[in-house]
Amino acid sequence: MLKRLMGIFSRTGGPVDLDAVVPGGKEGGHGDHWGCVLRTVDEARLVRYLVDITKQDNEPERFGKDGLAFISEAGPVRARVLVRDNVMVSAYPDAAGGAVWPITVYDVVQWSNGVEAQILGECRGAAVRFFDTRYYANRDRYTPGETYDFHMGALAYKIGPAGALEAHSPDVGAAVSFKGAHAYMPADDPGADIDDIWFHSPLEGAPVAAQLAGQVLSGYPVIIALPEDFQMSLVAYAAPHALPDDPATIRPGDDITGYLWLHGCLAE
């Protein structure tokens, strides 16, 4: 969504220039994840909302020689607007301050704008791939093979009751029930990126509420895996359009499933 809008506004009201690229970097950006929060919106209004954040945050985080990261109002889900040399280079929603996972970093996939990247690694032996929401600030801190603590979060493309899900197991030669399982894997949608996952897990408790860009979100606490008995806990935030017609069908203790955008940042 936002990726199509970057030519409309900058902080100073002029056109946004995305030509400052990193050679060999991944094309695109994470502006399209606004679709997790807002299904339909007037595009110019969304950009004005992001520009307003730059005006309201009087103490932006500085990075690099001329970079500023503006953060929206306090809350468990926020918007980050990245500006470099008075040019908006990216903006994305961020489920901040989640559970901490120890992740061994193996590789970093950098986007061409030089301020965004995805982390490839593992948590206690379980493979994880996620978007680094503060790569702009921490890009020089990673050493391949080293383990770091990351706050992890997720926004849902879709979430709902799991039903009676089964999968065929060649090891036992029969269908195996997923009931009560904590499982995740890369999303199999043709348009999915490496930080998109499918999950199946019991709901650990009642949903929590959050707000962003005038939208009310529901956060669902889950444990998506238990490698070496470590709880890979998440709160998966979902907008109304990502929920079933009757959200009350998502009940604590029941299995839920869905597709998530996984992201995180270094725990300071």
Side-chain angles (χ1 to χ4, degrees), residues 30 32-39 76-77 93-95 98-99 101 103 118 122-131 150-172 174-210 212 215-264:
H30 272 68
D32 280 358
H33 283 96
W34 282 102
C36 292
V37 178
L38 302 165
R39 178 172 55 182
V77 184
D94 173 12
W101 300 0
I103 295 175
Q118 293 153 314
E122 64 176 39
C123 175
R124 301 290 181 91
V128 289
R129 302 180 297 185
F130 62 96
F131 177 67
F150 286 86
H151 284 292
M152 300 301 294
L155 288 168
Y157 300 105
K158 183 178 181 181
I159 200 167
L165 181 63
E166 294 183 337
H168 180 76
S169 171
D171 295 331
V172 300
V176 176
S177 172
F178 269 69
K179 183 173 176 58
H182 303 269
Y184 74 98
M185 64 181 66
D188 58 3
D189 185 281
D193 206 335
I194 61 175
D195 46 16
D196 296 328
I197 66 168
W198 168 89
F199 84 99
H200 177 288
S201 175
L203 180 59
E204 296 295 317
V208 296
L212 183 67
Q215 182 71 277
V216 177
L217 308 177
S218 299
Y220 294 92
V222 294
I223 299 170
I224 64 169
L226 293 164
E228 300 178 359
D229 293 326
F230 175 78
Q231 296 184 355
M232 293 173 65
S233 300
L234 278 177
V235 177
Y237 287 92
H241 66 265
L243 297 173
D245 292 338
D246 183 5
T249 59
I250 305 177
R251 297 183 293 264
D254 289 354
D255 289 354
I256 63 173
T257 187
Y259 290 91
L260 307 176
W261 171 44
L262 187 64
H263 53 271

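Just so it is clear, the structure is predicted and the values come from calculations on it, not from any experiment.
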Heavy-atom distance under 4.5 Å between the side chains of [X] and [Y], does that happen here?
X      : Y      : result
Leu226 : Met232 : no
Asp188 : Tyr259 : yes
Pro93  : Cys36  : no
Val208 : Pro76  : no

With rounding to the nearest 0.5 angstrom, report the [atom1] to [atom2] distance, [X] to [Y].
X      : Y      : atom1 : atom2 : answer
Ile197 : Leu262 : CD1   : CG    : 5.0 Å
Leu243 : Ile159 : CG    : CD1   : 7.0 Å
Gln215 : Leu38  : CD    : CG    : 6.0 Å
His182 : Gln231 : NE2   : CD    : 8.0 Å
Leu260 : Lys158 : CG    : NZ    : 13.0 Å
His200 : Met185 : NE2   : CE    : 10.5 Å

Test item: [X] side-chain N/O and [Y] main-chain N/O as donor-acceptor pair under 3.5 Å:
X      : Y      : result
Asp193 : Asp195 : no
Asp255 : Gly180 : yes
Ser218 : Pro207 : no
His263 : Asp94  : no
Trp101 : Ser233 : yes

Practice prompt. Please assess Val128 against Tyr184 for the test side-chain contact (heavy atoms from CB on, under 4.5 Å), listing each intermediate value before the final yes or no.
Written response: CA-CA 10 Å; Val128 289; Tyr184 74 98; 3.7 Å; yes
For [X] versus [Y], what's the shortest heavy-atom pair and its separation?
X      : Y      : answer
Gly98  : His151 : O-ND1, 2.6 Å
Pro221 : Gly219 : CD-O, 3.6 Å
Met152 : Gly264 : SD-CA, 4.0 Å
Val222 : Ser201 : CB-OG, 3.8 Å

Worksheet item: Are Leu203 and Ile250 close enough, and set up right, to give a side-chain contact (heavy atoms from CB on, under 4.5 Å), and what steps lead you there?
Response: CA-CA 8 Å; Leu203 180 59; Ile250 305 177; 3.8 Å; yes
Fill in: Under the side chain to side chain donor-acceptor pair (under 3.5 Å) test, residues paired with Glu122 that sit two or more places apart
Tyr106
Fill in: Under the side chain to side chain donor-acceptor pair (under 3.5 Å) test, residues paired with Asp254 that sit two or more places apart
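For Asp254 the side chain to side chain donor-acceptor pair (under 3.5 Å) partners, ignoring immediate neighbours, are Arg251.
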Practice prompt. Please check if any side-chain donor atom of His33 sits under 3.5 Å from a side-chain acceptor atom of Tyr157, or the reverse.
Written response: yes
Discussion item. Can you confirm if the aromatic rings of Tyr237 and Tyr220 lie within a centre distance of less than 6.0 Å?
Written reply: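 Not close enough - the centres of the two rings lie 6.0 Å or further apart.
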Discussion item. Apply ring-ring contact (aromatic ring centres under 6.0 Å, His included) to residues Phe131 and Trp261 and explain how you reach the verdict.
Written reply: CA-CA 8 Å; Phe131 177 67; Trp261 171 44; 5.6 Å; yes
Practice prompt. Determine, stepwise, if the pair Phe150 / Phe130 fulfils ring-ring contact (aromatic ring centres under 6.0 Å, His included).
Written response: CA-CA 11 Å; Phe150 286 86; Phe130 62 96; 5.1 Å; yes
